[in-house]
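Below is one structure, written out as structure tokens; comments come after it.
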Amino acid sequence: MSLATNLNVEFQGMKFHPAQMKPARCLLTLFISTILVISVSGQDTSEDPAQSVLKEQTATETTADAAAEEPKEFTPPAITLGSASGESPEELAFKPSTFEGIIPGVSKSSEVTEKLGEPRAKIETNGSHVLVYAMEPYDRVGIVIKEDLTDSIHLHFKQPAELKQLITEMGLVENTAVTQTTTSDKAFLLVWPEQGVTFHFKRNKDVDQVSRVSFTTIQAEAYLERGTHRQWFDYAGALSDAKAVQALIPDDERAFILEAQIEQRMGNVKATNAALEKAIQLAPGDTDLLLMQAGLTSLINDTKTMLQRVRAIRNNTRLSPLIRSRAAYMMGELVANSDSPDYKQAMIHHSESIQRARELMETDDLETQFDAIRLVIEGHLAVAHDIARGSFAKDEKKSVVPKWINISWELTDHLLRHDYHDSTIGMEVCRRALEALALLDEGSDITDWIDRVDQISTELKQTEGASPEYLERIKWEWALALAHATESARKGKDIDRVQQLGMESYQLFNKFLKVETVSPQWDNAQTHAAIGALCYTLGSVEAIDKQNHEEACKWYDTAVEYLTTEGVEQFTRGEGWHGERMVSMGLSYWKEGNRPKGLNLTRRGIQWIEQAVEKQGFSNQNLKIPYGNLVIMYKALGQPQEAEKVSDAAEALTKQR
């Protein structure tokens, strides 16, 4: 069950601030003025000046007798707006809005008649009845009773009220409401989930007009719809909505799916998995949930079992082509990220995913079409990575990888030009494309990709209503994209370009990593691998190009800090690459006079390379130089026996050539 897109719901505005979610109670008096009547013949009077909808109706004509009478004091019905509050999501308390002290979901029918008297009419319906009252300043007030409790309250206006004016005068905030469609092309509902308030309005050319206001019990569906749409730009707000649904309906798996999707965008892998586990408990047969969990490769302990489960989904002909395409993609990801990756097999699975999804790109259903295009984009990026990491010829990699990532961008550009709901897709594609180019042994032209990163990041920073967590995600994508670009540029000869890109990336990293509490978006193995590789690259410029090992070691200090954290090898070019960087940094520390650290890094690097040779098909000839360095170090430290052991291992490599 996917919450990715709901094409029948739209979010009313995007200027939302978390402070607006705080409890707010306001006692309002609602007067509906005499707005110029729209004639039966359909005459348009929308250009006439709008009168306040909260003013008492005044007569325009009076008789002599009426003029002599003393005006009677009019007491308008009392309305109190509801709220949602709590110290934590688990302690949320919901209070519906009230009308004349009548509370939906709480007040009994006897309480209604006690407060309002006997109704003018009583209408029986299936399982409920409506009490109809004649109350100024409304045309009528309808109170729906179900099982002896007030279910909802409906205020029908004598004349339509201007939407924005009514919102202001009732003390509501427009940008926290969610708009819902009806069976009519012109009639819509504007719902405030916290207050349980709904405006029934029609869209006219000049002004939107409200015909009725309803007060209901707090509806989980309204929170879910709003959260589904806010998840694309307001992570905190959407997460709050998901928690509200969980409090209202604890066994609704959709709320936990929404929570998982948001946590994943915020980089919180553990929280993502926890929410998915809960959703799977509630909906154990949901294949989408299993595939989403399969994507959390860093948390999978038994890759073989997970691969079997995903393969069963891919082979199930009763499932939709889109689900089977996603399953094929996940099979490729599991194979590529296993302890013994098979990049050729991964490429086969990813290519299958592309083929299955491509058949759906021309469907009339827009949601399916967009999902299929997104899968084709992800498939092309994955194949580019498979080729770059695999044992293919260097010339072939250099020629083919750019073609795959360029196709991914063409499709991404198509989605962005058609108002795709996930505006971050452009940054994500640029990051992954630059990562693929960084995996190549030779430099590539990254100019267009850097221009895209700069342009998109600038645009997304201006997103209306964006939460701090959303903006942090954009900067995370930006920092990693520039880090990969720095590594790719290092394969060329423009050292100034390397340092310029590298420093720009490093400053972004530093802003979020050097704080008292690092958010999950930055405190994870993927981020640590990226900044570790970045600092290694900047250090290598100092060590190799400038022969400044003292300055190089300053960069290497930071690189070692991050490259030695748990799980980073999964996000590097592999254990072999990881080990070679350790050996290289060890040499600089040794030359700078820090022999203990130099020896330690060299030995650790060799261990990584040996594991890569054993598990990942890394050439054992890549151990020749590290072994040679270690022999020299042991001899210099007066450890001839250790030096001899390593020398024998190096000699054995020579015989294996």
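The shown structure was predicted, so the numbers you read here are calculated from the model rather than taken from an experiment. Starting from 1, each residue takes its place in the sequence as its number.
From Asp413, atom CG reaches atom CD1 of Ile425 across 10.5 Å, with rounding to the nearest 0.5 Å. Here the CG-CD1 distance, from Leu172 to Ile167, works out to 7.0 Å after rounding to the nearest 0.5 Å. Rounded to the nearest 0.5 angstrom, Asp234 CG and Asn175 CG are separated by 11.0 Å. The distance from atom CD1 of Ile280 to atom CD1 of Ile257, rounded to the nearest 0.5 Å, is 9.5 Å. Atoms CD and CE, on Gln264 and Met292 in that order, are 4.5 Å from each other to the nearest 0.5 Å. A distance of 9.5 Å separates CZ in Arg431 from CG in Leu381, rounded to the nearest 0.5 Å.
By the neighbour-count criterion of 12 heavy atoms within 6.0 Å, atom NZ of Lys146 is sparsely surrounded, having that number or fewer from other residues, nucleotides or ligands. Dense packing is recorded around CG of Asp148, with more than 12 heavy atoms of other residues, nucleotides or ligands lying under 6.0 Å away. For Gln308, the CD atom sits in a packed shell: over 12 heavy atoms of surrounding residues, nucleotides or ligands are nearer than 6.0 Å.
Using a 30° and 60° split on the angle between ring planes, Phe215 and Phe99 fall in the parallel class, below 30°. Taking the six-membered ring where tryptophan is involved, the planes of Tyr138 and Phe157 are essentially parallel, since the angle between them stays under 30° and well short of 60°.
Remark: Glu114 does not engage Lys108 in a salt bridge, criterion side-chain N to carboxylate O under 4.0 Å. For Glu194 and Lys95, the salt-bridge test fails: no basic side-chain N is under 4.0 Å from an acidic carboxylate O. Using a cutoff of 4.0 Å between basic side-chain nitrogens and carboxylate oxygens, Arg374 and Glu428 are scored as salt-bridged. Salt bridge absent: Asp208 and Lys164 never bring a charged side-chain N and a carboxylate O closer than 4.0 Å. A salt bridge is absent between Arg326 and Glu333; no separation between the charged side-chain nitrogens and carboxylate oxygens falls under 4.0 Å.
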For this session: Evaluate the criterion ring pair (Phe, Tyr, Trp, His ring centres under 6.0 Å) for residue pair Phe199 and Trp192; output intermediate values, then yes/no.
Result: CA-CA 9 Å; Phe199 283 9; Trp192 281 266; 4.9 Å; yes
Exercise. How far apart are the C-alpha atoms of Glu362 and Gln369, what are their side-chain angles, what is the distance that settles it, and do they pass the side chain to side chain donor-acceptor pair (under 3.5 Å) test?
Worked result: CA-CA 6 Å; Glu362 301 299 327; Gln369 181 188 128; over 6 Å; no
For this session: Evaluate the side-chain contact (heavy atoms from CB on, under 4.5 Å) criterion for residues His380 and Ile354: first the C-alpha distance (whole Å), next the side-chain angles of each, then the deciding distance (0.1 Å), finally the verdict.
Result: CA-CA 7 Å; His380 278 77; Ile354 293 171; 3.7 Å; yes
For this session: Please lay out, stage by stage, how Tyr329 and Val310 fare under the test side-chain contact (heavy atoms from CB on, under 4.5 Å).
Result: CA-CA 10 Å; Tyr329 176 83; Val310 174; over 6 Å; no
Exercise. So Leu239 and Arg230, side-chain contact (heavy atoms from CB on, under 4.5 Å) or not? Walk me through it.
Worked result: CA-CA 9 Å; Leu239 190 59; Arg230 288 209 292 200; over 6 Å; no
Exercise. Between Leu189 and Thr179, is a side-chain contact (heavy atoms from CB on, under 4.5 Å) present by the stated rule, with each step listed?
Worked result: CA-CA 6 Å; Leu189 306 178; Thr179 303; over 6 Å; no
For this session: For salt bridge (Lys or Arg N to Asp or Glu O under 4.0 Å), just list the numbers for Arg314 and Glu352, CA-CA rounded to whole Å, side-chain angles, deciding distance to a tenth of an Å, and then say yes or no.
Result: CA-CA 10 Å; Arg314 191 277 308 267; Glu352 177 192 343; 2.8 Å; yes
Problem set entry | side chain to side chain donor-acceptor pair (under 3.5 Å) between Asp422 and Thr424, worked out | CA-CA 5 Å; Asp422 186 0; Thr424 65; 2.6 Å; yes
For this session: Kindly determine whether Glu277 and Gln281 satisfy side chain to side chain donor-acceptor pair (under 3.5 Å), including the steps that lead there.
Result: CA-CA 6 Å; Glu277 290 283 2; Gln281 289 177 14; 5.4 Å; no
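Between the Asn316 side chain and the Arg318 main chain, a donor and an acceptor come within less than 3.5 Å of each other. Not a single donor-acceptor pair under 3.5 Å links the side chain of Ser353 to the backbone N or O of Ala328. The closest donor-acceptor contact from the side chain of Thr150 to the backbone of Ser152 lies at 3.5 Å or more, if one exists at all. No side-chain donor-acceptor contact under 3.5 Å links Thr80 to the backbone of Thr98. The main-chain N or O of Thr228 is found under 3.5 Å from a side-chain atom of Gln231 such that the two form a donor-acceptor pair. A donor-acceptor pair is defined here as one N or O able to donate and one able to accept, closer than 3.5 Å; such a pair exists between the side chain of Ser467 and the backbone of Tyr235. A side-chain donor-acceptor contact under 3.5 Å links Asp241 to the backbone of Gly227. Ser107 places a side-chain N or O within 3.5 Å of a backbone atom of Ile103 that can act as its donor or acceptor partner.
Aromatic rings of Phe233 and Tyr470 (six-membered ring for Trp) have centroids beyond the 6.0 Å cut-off, not under it.
Taking 4.5 Å as the limit, some side-chain heavy atom of Leu290 sits within range of a side-chain heavy atom of Met306. The closest side-chain heavy-atom distance from Thr176 to Val173 is below 4.5 Å. When side chains are defined from C-beta on, Phe188 does not count as touching Gln180, because their heavy atoms never get closer than 4.5 Å. Two residues are said to be in side-chain contact when any heavy atoms from C-beta on lie closer than 4.5 Å; Gln209 and Glu162 fail this criterion. Proximity of Arg473 to Gln521: side-chain heavy atoms (C-beta onward) are separated by under 4.5 Å at one or more points. In this structure the side chain of Arg254 never reaches within 4.5 angstrom of the side chain of Leu258, judged on heavy atoms. Between Met266 and Ser519, the closest side-chain pair of non-hydrogen atoms is not below 4.5 Å. Contact annotation: the side chain of Ser457 approaches that of Met427 to within less than 4.5 Å [non-hydrogen atoms, C-beta and beyond].
Of all heavy-atom pairs between Met170 and Leu81, the closest is O-CD1, 3.2 Å. The minimum heavy-atom distance linking Val178 with Ala222 is given by the pair CG1-O, 4.0 Å. Taking each heavy atom of Asp151 and Pro104 in turn, the nearest pair found is O-CB, 3.8 Å. Here the closest heavy-atom approach between residue Ser408 and residue Thr412 is recorded as O-OG1, 2.7 Å. Asp252 approaches Phe256 most closely through the heavy-atom pair O-CD1, 3.6 Å. Taking each heavy atom of Gln293 and Asn273 in turn, the nearest pair found is NE2-OD1, 3.2 Å.
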Do any side-chain atoms of residues 115-131 form donor-acceptor pairs under 3.5 angstrom with protein atoms, and if so which ones, sequence neighbours left out?
{"from": "Thr125", "atom 1": "OG1", "to": "Ser128", "atom 2": "O", "distance (Å)": "2.9"}
{"from": "Thr125", "atom 1": "OG1", "to": "Ser128", "atom 2": "OG", "distance (Å)": "2.6"}

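Looking only at atom types and distance, the side chain of Asn524 has a donor-acceptor partner in the side chain of Thr527 under 3.5 Å away. Judged purely by distance below 3.5 Å, without hydrogens or angles, the side chains of His154 and Ser214 pair a donor atom with an acceptor atom. Counting only N and O atoms by type, the side chains of Thr368 and Thr363 include no donor and acceptor under 3.5 Å apart.
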